[in-house]
Asker: 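Starting off with a structure, shown below.
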Protein chains: 2
Amino acid sequence: MILKRRTTIKDVARHAGVSTAAVSYVLNGKENRVSPETVEKIREAIRELNYIPDFSARSLVKNASKLVGVIIPQTEDSKQLILENPFYSEMVSNIESKLREHGYHLILSGVDKGKSYLDISVQRNLDGAIIMGIYPEQFYAELKEVKIPIVLIDSYINDTYFSKVGIDDEQGGYLATRYLIDRGHRNIALVTGSIRKDGVVEKRFLGYKRALQEAGIFYNPDYVFEHSVSYAYGYEAGKAIAAGHPEITAVFATADMVAFGVIQGIKESGKDVPEDLSVIGFDDIFLSRMFVPPLTTVRQDIALKGRKAAELLLEIIESDEPDVVDRKMEEIPLSIVERQTVRSL
Amino acid sequence: MILKRRTTIKDVARHAGVSTAAVSYVLNGKENRVSPETVEKIREAIRELNYIPDFSARSLVKNASKLVGVIIPQTEDSKQLILENPFYSEMVSNIESKLREHGYHLILSGVDKGKSYLDISVQRNLDGAIIMGIYPEQFYAELKEVKIPIVLIDSYINDTYFSKVGIDDEQGGYLATRYLIDRGHRNIALVTGSIRKDGVVEKRFLGYKRALQEAGIFYNPDYVFEHSVSYAYGYEAGKAIAAGHPEITAVFATADMVAFGVIQGIKESGKDVPEDLSVIGFDDIFLSRMFVPPLTTVRQDIALKGRKAAELLLEIIESDEPDVVDRKMEEIPLSIVERQTVRSL
DNA sequence: AAGTTAAGTATAAACGCTTTCATTTTGGAT
DNA sequence: ATCCAAAATGAAAGCGTTTATACTTAACTT
């Protein structure tokens with residue numbers, strides 16, 4: 001593989017009979033510094049030589065890489081991204097297209113347990129990052145050090161340094177639970193990923209409790225099944241509920257993926273959804289529509305969430321005074337979509 | 001945002017009282033060129049100053065970026081990645097973890113219709129790329145120009161320049177069809193994404209025809225429903241089959257995602273799977289297990305596919321003579337997993 | 001003691017680009 | 001013709017690294 005030498009700005013300059021500075025000017029849209037004829041000559045040369053700039057060199061001098069980091073959570077056990085969950089892949093896909101539209105590229109990555117994201121952000125000179133999910137305190141502290149714009153998706157970290165996009169999870173949890181209560185359910189289980197401080201699950205849990213309390217229903221800790229956001233855990237919980245809790249008539253799963261598992265678990269225990277047990281999910285991933293039976297769930301616009309996060313980040317990156325932009329919290333609207341997994345008692 | 005100046009190798013050198021060369025040596029594992037005490041001093045300085053190297057600068061001089069491009073197909077209409085399909089997200093997730101393990105980062109991207117991948121590979125000085133799916137001829141021609149190692153996933157482009165990882169799709173198509181035939185089906189529909197040259201679908205289609213022929217069944221073009229790899233199209237086709245072709249007893253969908261749609265379409269036409277119509281899919285994405293009814297399908301190890309692609313690429317990148325490594329075709333094994341969507345006639 | 005060698009270290013060029021600033025050219029105005 | 005401002009151009013420094021090369025020192029040989 002004899003690597004042909006790169007075509008550089010120098011080649012272009014020579015070919016056009018001008019200095020590298022001139023070439024750089026037209027490359028950077030500062031054409032007013034160059035005469036129209038020269039611009040044309042340079043354009044021509046660029047075309048003829050098929051010149052493509054080197055972003056590393058550019059990054060070095062401009063101190064901007066046109067690179068954005070995107071972090072998504074990993075499975076607890078292995079080090080794999082939980083990209084399989086359509087919730088994340090749909091967001092990533094929307095973030096990617098928005099970024100590309102603006103000439104940015106995306107480095108997709110998980111972050112090793114206990115390790116920081118400092119390394120990659122500094123190594124790659126990232127212009128910004130979008131972080132999904134929730135991490136240890138320390139992680140955020142380090143992130144701030146890097147001094148790049150950060151957008152947090154689904155995090156309640158209370159620090160104005162970070163911009164955020166998310167939903168009103170407490171309200172979502174409330175809505176879901178209330179929806180069940182309104183249909184006559186009193187003994188309502190909660191199946192959920194681990195309830196961590198500043199995470200979405202914590203808020204949804206709070207909403208669940210608020211709805212219960214408001215309806216005068218005693219909160220029973222035995223009814224919360226907390227472990228991980230996965231089909232597998234939902235399945236397990238579904239079985240446990242169907243087998244061990246005949247008094248429970250409905251379950252609120254804090255993610256559609258979990259709800260699928262719950263339903264499957266219930267079915268395999270010989271009960272039916274929604275005849276014997278009602279189930280409501282959260283997210284409305286595109287699969288929920290196609291599930292059998294179609295899942296009743298709390299809908300959030302996932303694509304919008306991704307797009308908003310990208311837009312917000314770009315806005316901060318491209319503002320002249322990134323430190324002055326006030327860090328807003330973009331809130332994506334919420335609604336219940338009624339399908340066929342909840343019945344009225 | 002007062003950007004504190006980067007900590008550079010110079011700072012480290014000064015702090016340790018040595019030259020930048022020495023620092024660079026220990027950074028690059030050439031410690032034998034430096035005395036043990038100096039190494040220690042430098043290590044200390046690095047730690048104390050919290051030094052993190054700049055990969056742009058490194059890339060510039062080493063002409064290697066530790067960056068790998070990953071391309072996945074986009075939806076026809078919009079410019080969005082079809083990452084929602086778990087088939088892709090599972091691969092990406094496995095590729096990512098493998099790459100990260102080896103100190104590489106991944107730039108995830110689609111490629112704009114008609115545009116080339118040349119830009120990004122040159123701009124970013126990519127060390128290699130993994131390309132999923134199939135693109136116009138021209139695309140590959142340009143790709144070769146860049147002279148970086150490329151691994152193609154699911155492509156039958158006949159060019160030894162590229163390494164490949166894939167399955168025996170013809171055999172897969174054959175197996176699926178044969179499976180149905182063996183269970184008494186004669187009128188078998190094929191529902192598939194567009195049959196493009198050198199794509200997996202073309203091969204599966206060929207396998208379908210071979211099985212038919214071998215069984216002495218007349219191939220009926222009316223039985224192939226060709227459009228796009230999507231739930232939506234499957235749904236449409238499912239309806240069309242259930243409503244307009246009472247003689248058809250089984251359908252082979254060339255992707256699980258499509259099979260889901262087909263089944264849904266059939267059900268909404270008032271027929272049942274597998275009672276009235278049998279359906280077999282392809283891929284065995286993790287959802288197929290959880291689908292109701294659980295999908296009978298041709299299984300390929302998607303995670304393995306991703307990992308193999310990453311490994312293969314790394315192997316070529318890190319070999320001293322990348323042009324000498326012979327470009328193999330890694331073949332992932334195939335099998336049928338029997339679940340509940342096919343019945344014997 | 002002089003010479004040789006090896007080991008350790010430092011200097012400086014190079015990678016491809018942007019951008020400051022000095023210089024040259026142009027074209028009015030006088 | 002002369003002057004001047006404005007426009008166009010170019011030289012060169014610098015971004016943070018690596019690495020070839022040069023240099024210094026220490027350690028052996030004779």
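Here is the naming used below: chain letters follow the sequence lines, and residue numbers restart at 1 for every chain. Any value given below was found using the heavy atoms of this structure, including those in side chains, with hydrogens, waters and symmetry copies removed.
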Asker: Classify the side-chain pair A:Ser56/B:Ser59 by whether it contains a donor and acceptor separated by less than 3.5 Å.
Answerer: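 Yes, side-chain donor-acceptor contact under 3.5 Å.
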Asker: Do the side chains of A:Arg43 and A:Glu31 get close enough for a salt bridge, i.e. N-O under 4.0 angstrom?
Answerer: yes
Asker: Please report the distance, rounded to the nearest Å, between CG in B:Leu60 and P in C:dA13.
Answerer: 17 Å
Asker: For DNA chain D, whose closest nucleotide is more 5', that of B:Ala22 or that of B:Ala57?
Answerer: B:Ala57
Asker: Atom CG of A:Asn63 to atom C1' of C:dT19: distance rounded to whole Å?
Answerer: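 So the two atoms are 14 Å apart, to the nearest Å.
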Asker: Is the shortest side-chain heavy-atom distance between B:Asn28 and B:Lys62 below 4.5 Å?
Answerer: yes
Asker: Can you check the A:Glu37 CD to C:dT25 P distance for me, whole Å?
Answerer: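 Result: 16 Å.
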Asker: Which heavy atom in B:Ala57 sits nearest to a heavy atom in B:Val61, and how many Å separate them?
Answerer: O-CG1, 3.1 Å
Asker: First and last nucleotide of DNA chain D touching chain B, 5' to 3', heavy-atom cut-off 4.0 Å?
Answerer: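 First-to-last contact on DNA chain D, by the 4.0 Å heavy-atom rule, is D:dG16 to D:dT21.
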Asker: Heavy atom of residues 44-56 of chain B under 4.0 Å from DNA chain D: which residues?
Answerer: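 Contacting residues: B:Tyr51, B:Ile52, B:Pro53, B:Asp54.
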Asker: Side-chain contact, heavy-atom cut-off 4.5 Å: B:Pro73 with B:Tyr88?
Answerer: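 In short, these two side chains touch, coming nearer than 4.5 Å.
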Asker: What are the two closest non-hydrogen atoms of A:Ser65 and A:Leu126, and how far apart are they?
Answerer: OG-CA, 3.6 Å
Asker: Over all strands shown, is A:Ser24 touching base, sugar-phosphate only, or nothing at heavy-atom distances under 4.0 angstrom?
Answerer: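 Base, at least one base atom sits under 4.0 Å.
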Asker: Please report the distance, rounded to the nearest Å, between CG in A:Asn28 and C1' in C:dC17.
Answerer: 9 Å
Asker: Could you please name the option among C:dA10, C:dG16, C:dT19 that lies closest to any side-chain atom of A:Lys62?
Answerer: C:dT19
Asker: Is there any protein nitrogen or oxygen under 3.5 Å from a nitrogen or oxygen in nucleotides 21-23 of chain C, and what are the pairs?
Answerer:
residue: C:dC21; atom: N4; partner: A:Arg33; partner atom: NH2; Å: 3.2

Asker: Mind checking if A:Thr8 touches a base, just sugar-phosphate, or nothing, with heavy atoms under 4.0 Å?
Answerer: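 It contacts sugar-phosphate atoms only.
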Asker: Does atom CG of B:Asn32 have more than 12 heavy-atom neighbours, drawn from other residues, nucleotides or ligands, at distances under 6.0 Å?
Answerer: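 More than 12 heavy atoms, drawn from other residues, nucleotides or ligands, come within 6.0 Å of this atom.
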Asker: Yes or no on side chain to side chain contact (heavy atoms under 4.5 Å, CB included) for B:Thr38 and B:Val26, after CA distance, side-chain angles and deciding distance?
Answerer: CA-CA 9 Å; B:Thr38 310; B:Val26 349; over 6 Å; no
Asker: Classify the nucleic acid contact of A:Lys30 as base, sugar-phosphate or nothing, counting any heavy atom under 4.0 Å across all strands shown.
Answerer: sugar-phosphate
Asker: Would you mind reading off the distance between A:Leu27 atom CG and C:dG16 atom P, rounded to a whole angstrom?
Answerer: 15 Å
Asker: Please give me the minimum heavy-atom distance between B:Ser109 and B:Tyr117, naming the atom from each residue.
Answerer: OG-CE1, 4.3 Å
Asker: If you look at every strand shown and take non-hydrogen atoms under 4.0 Å, does B:Ser59 touch a base, only sugar-phosphate, or nothing?
Answerer: nothing
Asker: Would you kindly give the CG-to-C1' distance between B:Asn125 and C:dC17, to the nearest whole Å?
Answerer: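 Whole-Å distance recorded here is 13 Å.
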Asker: Rounding to a whole Å, what distance do you find between B:Arg58:CZ and C:dC17:C1'?
Answerer: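 Computing the B:Arg58:CZ to C:dC17:C1' distance gives 20 Å.
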Asker: Between B:Glu44 and B:Lys41, does at least one N-O distance fall below 4.0 Å, as a salt bridge requires?
Answerer: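 So B:Glu44 does not pair with B:Lys41 through a salt bridge.
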Asker: Do you know the tightest heavy-atom contact between B:Val146 and B:Ser121?
Answerer: CG1-CB, 4.0 Å
Asker: Decide, yes or no, whether a salt bridge links A:Arg100 with A:Glu96 under the criterion of side-chain N to carboxylate O below 4.0 Å.
Answerer: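 Yes, A:Arg100 and A:Glu96 are salt-bridged.
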